[in-house]
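Because the structure is predicted, anything quoted here is derived from the model rather than measured.
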Amino acid sequence: MNILLVDDEIELVSTLAERLEIRGIDAHWFTNAEDALKSAASVPYDLAILDVKMPRTSGLELRDRLKRKYPNIKFIFLTGHGSEEDYRRGAVDGAVYLMKPVQIDQLIAKMKEVLKA
């Protein structure tokens, strides 16, 4: 399973990737949409975990760009703004939203759930 992690907070995204790797999950992390898109051209990602609010290209815009090129990729969004309920009400394509800081066990459970769907 290949996981794409994108968040402009380098400490958060690198730590999250490290915690997933410890659990045997291959996670590639990036701090911007442009680098993530370049990587997606050569790595078949099963799931993208994206920060909702990032400079230049938001996680929602990145999702749209990834989805056009790679229609089978699944998504989980991380946000530090609003509440999970706010995002659930406006969810597109059944997207999953988790609040930062996310607990690794909660994230892995959601990853399994999303990948089974």
Side-chain angles (χ1 to χ4, degrees):
M1 163 177 25
N2 287 315
I3 305 299
L4 174 65
L5 293 171
V6 187
D7 194 305
D8 59 313
E9 296 177 47
I10 192 167
E11 286 182 31
L12 181 134
V13 72
S14 62
T15 300
L16 197 53
E18 183 180 302
R19 289 181 177 172
L20 290 171
E21 293 279 348
I22 288 169
R23 289 160 176 84
I25 299 169
D26 192 18
H28 302 212
W29 62 270
F30 301 92
T31 57
N32 63 71
E34 293 76 22
D35 290 341
L37 287 165
K38 287 178 192 170
S39 179
S42 61
V43 177
Y45 291 111
D46 302 297
L47 174 68
I49 301 170
L50 310 175
D51 182 16
V52 172
K53 292 192 178 196
M54 295 186 290
R56 295 177 30 199
T57 305
S58 75
L60 300 175
E61 292 172 84
L62 178 55
R63 179 221 31 223
D64 292 345
R65 292 173 69 183
L66 287 166
K67 196 75 168 159
R68 277 194 297 274
K69 287 187 171 189
Y70 316 102
N72 294 325
I73 194 168
K74 307 283 184 159
F75 297 92
I76 293 176
F77 293 98
L78 302 179
T79 184
H81 308 279
S83 71
E84 285 180 50
E85 186 58 34
D86 291 339
Y87 283 102
R88 252 187 244 119
R89 275 190 240 117
V92 177
D93 296 332
V96 172
Y97 291 86
L98 298 173
M99 297 300 297
K100 294 182 195 177
V102 64
Q103 298 297 317
I104 194 69
D105 293 332
Q106 177 191 24
L107 178 60
I108 291 172
K110 287 294 181 184
M111 290 169 57
K112 290 177 182 176
E113 182 181 309
V114 167
L115 288 169
K116 284 182 183 177

Throw together a table of side-chain donor-acceptor distances under 3.5 angstrom for residues 98-105, partners on residues two or more places apart or in other chains.
residue	atom	partner	partner atom	Å
K100	NZ	D7	OD2	2.8
K100	NZ	E9	OE2	3.0
K100	NZ	D51	OD1	3.2
K100	NZ	D51	OD2	3.4

What is the minimum heavy-atom distance between [X] and [Y], and which atoms define it?
X   : Y    : answer
A17 : W29  : CB-CD1, 3.4 Å
R63 : L50  : N-CD1, 3.9 Å
L62 : A33  : CD1-CB, 3.9 Å
D46 : L115 : O-CD2, 3.7 Å
P55 : D8   : CD-OD2, 3.5 Å

May I have the list of side-chain donor-acceptor pairs in residues 69-78 shorter than 3.5 Å, sequence neighbours left out?
residue	atom	partner	partner atom	Å
Y70	OH	A40	O	3.3
Y70	OH	A41	N	3.4
K74	NZ	A117	O	2.8

Ring pair (Phe, Tyr, Trp, His ring centres under 6.0 Å) with Y45: which residues, sequence neighbours excluded?
H28
Taking atom CG of L5 and atom OG1 of T31, what is their separation to the nearest 0.5 Å?
12.0 Å
Distance check, rounded to the nearest 0.5 Å: K53 atom NZ versus T79 atom OG1?
7.0 Å
Tell me, yes or no, whether the heavy-atom count around R56 atom CZ, taken from other residues, nucleotides or ligands under 6.0 Å, exceeds 12.
no
Student check: side-chain heavy atoms of [X] and [Y] closer than 4.5 Å:
X    : Y    : value
T57  : L37  : no
R19  : L107 : no
I108 : L20  : yes

Would you please name every residue forming a side chain to side chain donor-acceptor pair (under 3.5 Å) with [X], sequence neighbours left out?
X   : result
D64 : none
S58 : E61
D35 : N32

Check: S42 side chain, S39 main-chain N or O, donor-acceptor pair, under 3.5 Å
yes
